[in-house]
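Worksheet: the structure to be examined is printed underneath.
Only heavy atoms go into these numbers, but all of them, side chains included; no hydrogens, no water, no symmetry mates.
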Amino acid sequence: MIQGLDKLTRQLDEAGKAAEALDGDLTTVNFDPSDAASVRTAVRQMERAVDDRLSRWRGNPLVDEMAKKTKAAMREQINAKARETRQEN
């Protein structure tokens with residue numbers, strides 16, 4: 001039982017550190033909203049930045065889930081910005 005608690009405590013500690021690592025500017029992406037390939041490249045660049053920032057804790061299921069959700073949210077932000085810009089033009 002104690003081993004399981006120690007593992008959970010470590011995972012939670014690492015997740016806290018990972019969350020701090022994601023705080024602030026992660027990366028800057030530039031893309032042409034009318035060019036789907038450019039948008040995809042921006043998404044990949046953002047995903048790499050998240051992976052790079054969290055690589056220290058890869059394999060921690062809490063951090064892996066955090067990375068997955070962060071990438072999904074940022075992907076949606078990039079796609080929403082591209083849609084918004086296309087609609088304005």
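- The salt bridge (Lys or Arg N to Asp or Glu O under 4.0 Å) check on Lys81 picks up Glu84, with sequence neighbours excluded.
- Applying the salt bridge (Lys or Arg N to Asp or Glu O under 4.0 Å) test to residues at least two apart or on different chains, the pairs with a partner in residues 56-68 are Glu65-Lys69.
- Applying the salt bridge (Lys or Arg N to Asp or Glu O under 4.0 Å) rule to Asp13 yields the partners Lys17; only residues at least two apart in sequence or on another chain are considered.
- With sequence neighbours left out, Ser34 forms a side chain to side chain donor-acceptor pair (under 3.5 Å) with Asp32.
- As a member of the Ile/Leu/Val/Met/Phe/Trp/Tyr network built from side-chain separations under 4.5 Å, Leu62 groups with Leu8, Leu12.
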Acceptor/donor pairs from residues 23-31 side chains to any protein atom, 3.5 angstrom cut, sequence neighbours excluded:
none

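- Applying the salt bridge (Lys or Arg N to Asp or Glu O under 4.0 Å) rule to Glu20 yields no partners; only residues at least two apart in sequence or on another chain are considered.
- A pairwise comparison of heavy atoms in Ala15 and Asn60 identifies N-ND2, 4.3 Å as the closest pair.
- The side-chain contact (heavy atoms from CB on, under 4.5 Å) check on Ala67 picks up Val50, Leu54, Lys71, with sequence neighbours excluded.
- Residues satisfying the side chain to side chain donor-acceptor pair (under 3.5 Å) test with Thr41, not counting sequence neighbours, are Arg44.
- The side-chain contact (heavy atoms from CB on, under 4.5 Å) test applied to Glu76 returns Ala80, Arg83, not counting sequence neighbours.
- Under the salt bridge (Lys or Arg N to Asp or Glu O under 4.0 Å) criterion, Arg10 pairs with Glu14, not counting sequence neighbours.
- When every heavy atom of Ile78 is checked against every heavy atom of Ala42, the shortest pair comes out as CD1-O, 3.9 Å.
- Evaluation of the side-chain contact (heavy atoms from CB on, under 4.5 Å) rule for Ala37 yields Asp35, Arg40 as partners, not counting sequence neighbours.
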